[in-house]
Amino acid sequence: MRPRTIIAGLLLLVWATTACGGSASRAGGTVKGARVDVVGPWTGEEQVRFEKVLAAFSERTGVQVGYTGSEVDLTTVVRTRVSGGTPPGVALLSQPGLVAGLAKSGAIKPVSDEVEKAVVEHYAPVWRTLGSAGGKLYGISFKVANKSTVWYSRRAFESASTPVGPPLSWDAFLRTARALANAGKPALSIAGADAWTLTDWFENVYLCTAGGEDYDKLARHEIPWTDRGARGAGGAGEALLRSAVDPRRGGGRVADRLRPVGDRRVRRAHAAAMVREGDFVGGMINSSTSAVVAATRISSRSR
């Protein structure tokens, strides 16, 4: 079966009741007096940087933008605001599965014909599919990361009593981790302080153990979270993480938060042989270590 990876992205969704000032006027290519309320996942330093982008947008267009960041459970924040009658004008969400439900309830509105034309011209069909519901385009993907990347230390692999190579399947990944632990080398570094890194782990374990067909069904809510495959993936992921963070049960370490002190986490990860996280970690490695980045694609199937 063709290898698959977890691709995480942010979808820009426009609400059916976009909040704008009632006295807005257009002049010289700008819209004075208009205001848009935006909610997204960025807080801390990321919010500071994003607000600089919004400030430049406001300066060029005359549209004032109010931003609210919620790193923890943004989905709940959005749903609460919708049910309370105060939806945001724009939401930056990372779950395409929400699009269908929001569209069915009438909470969001399709993009304009002009925007859809630009998406058709510049995006691959898969991105239009992820942002669509009922044949209409509601969301635009604007930030995407490969979340199935496993970064590893070649030196650690070669220093094992029986040298190991990059694993090409889930079963081989488990064997490699055990071999490294038996050789006295912590196998995994986990960003335990960030809850979203654990959801990334579940998605990858589920894809590896249950396969792409069931993964897609779960994403579309066609099978329940209590399904045997989902429960099995949860148990497999829990066992893996327990062994990774408890030296008495396999060898590993809990690293620092991935954000916003990711460079510190990468340095600490050198104590372990592997760290699984997005493609953006390559920049952290280049900026904060002397290691040379190398990558090997890992199959999503255990068979």
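Sequence positions, counted from 1, serve as the residue numbers for this chain.
- Tyr152 and Phe157 have tilted rings, their planes meeting at an angle from 30° to 60° on a 0 to 90° scale.
- Between Pro88 and Val39, the shortest heavy-atom contact is CG-CG2, 3.8 Å.
- Within 6.0 Å of CD in Glu114 there are 12 or fewer heavy atoms belonging to other residues, nucleotides or ligands.
- Taking OH of Tyr138 as the reference point, atom NZ of Lys109 lies at 12.0 Å (rounded to 0.5 Å).
- The two residues Val205 and Ala233 come nearest to each other via the heavy atoms CG1-O, 3.5 Å.
- Val115 and Val120 fall into different hydrophobic clusters, where Ile, Leu, Val, Met, Phe, Trp and Tyr residues are linked whenever their side-chain heavy atoms come under 4.5 Å apart, directly or through other members.
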Donor-acceptor contacts, no H, no angles, side chain residues 77-87, under 3.5 Å, sequence neighbours left out:
| from | atom 1 | to | atom 2 | distance (Å) |
| --- | --- | --- | --- | --- |
| Thr80 | OG1 | Thr76 | O | 2.8 |
| Arg81 | NE | Thr86 | O | 2.8 |
| Arg81 | NH1 | Asp37 | OD2 | 3.3 |
| Arg81 | NH2 | Asp37 | OD2 | 2.5 |
| Arg81 | NH2 | Thr86 | O | 3.2 |
| Ser83 | OG | Arg79 | O | 3.2 |
| Ser83 | OG | Thr80 | O | 2.9 |

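- Within the cation-pi definition used here (under 6.0 Å to the ring centroid, within 45° of the axis), Arg276 does not qualify as a partner of Trp151.
- Tyr67 and Val48 are not part of a single hydrophobic cluster, where members link through side-chain heavy atoms under 4.5 Å apart.
- Between Leu92 and Phe142, some side-chain heavy-atom pair lies under the 4.5 Å cut-off.
- Follow the hydrophobic side-chain contacts under 4.5 Å out from Leu137 and you reach Val126 in the same cluster.
- Legend: residues meeting salt bridge (Lys or Arg N to Asp or Glu O under 4.0 Å) with Arg49, ordered by chain and number and at least two apart, are Glu45.
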Practice problem: Decide yes or no on side-chain hydrogen bond (donor to acceptor under 3.5 Å, both in side chains) for Ser148 and Asn204, but give the supporting numbers first. | Solution: CA-CA 7 Å; Ser148 297; Asn204 278 279; 2.6 Å; yes
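- Among pairs with a residue in residues 88-124, none fulfils ring pair (Phe, Tyr, Trp, His ring centres under 6.0 Å), at least two apart in sequence or across chains.
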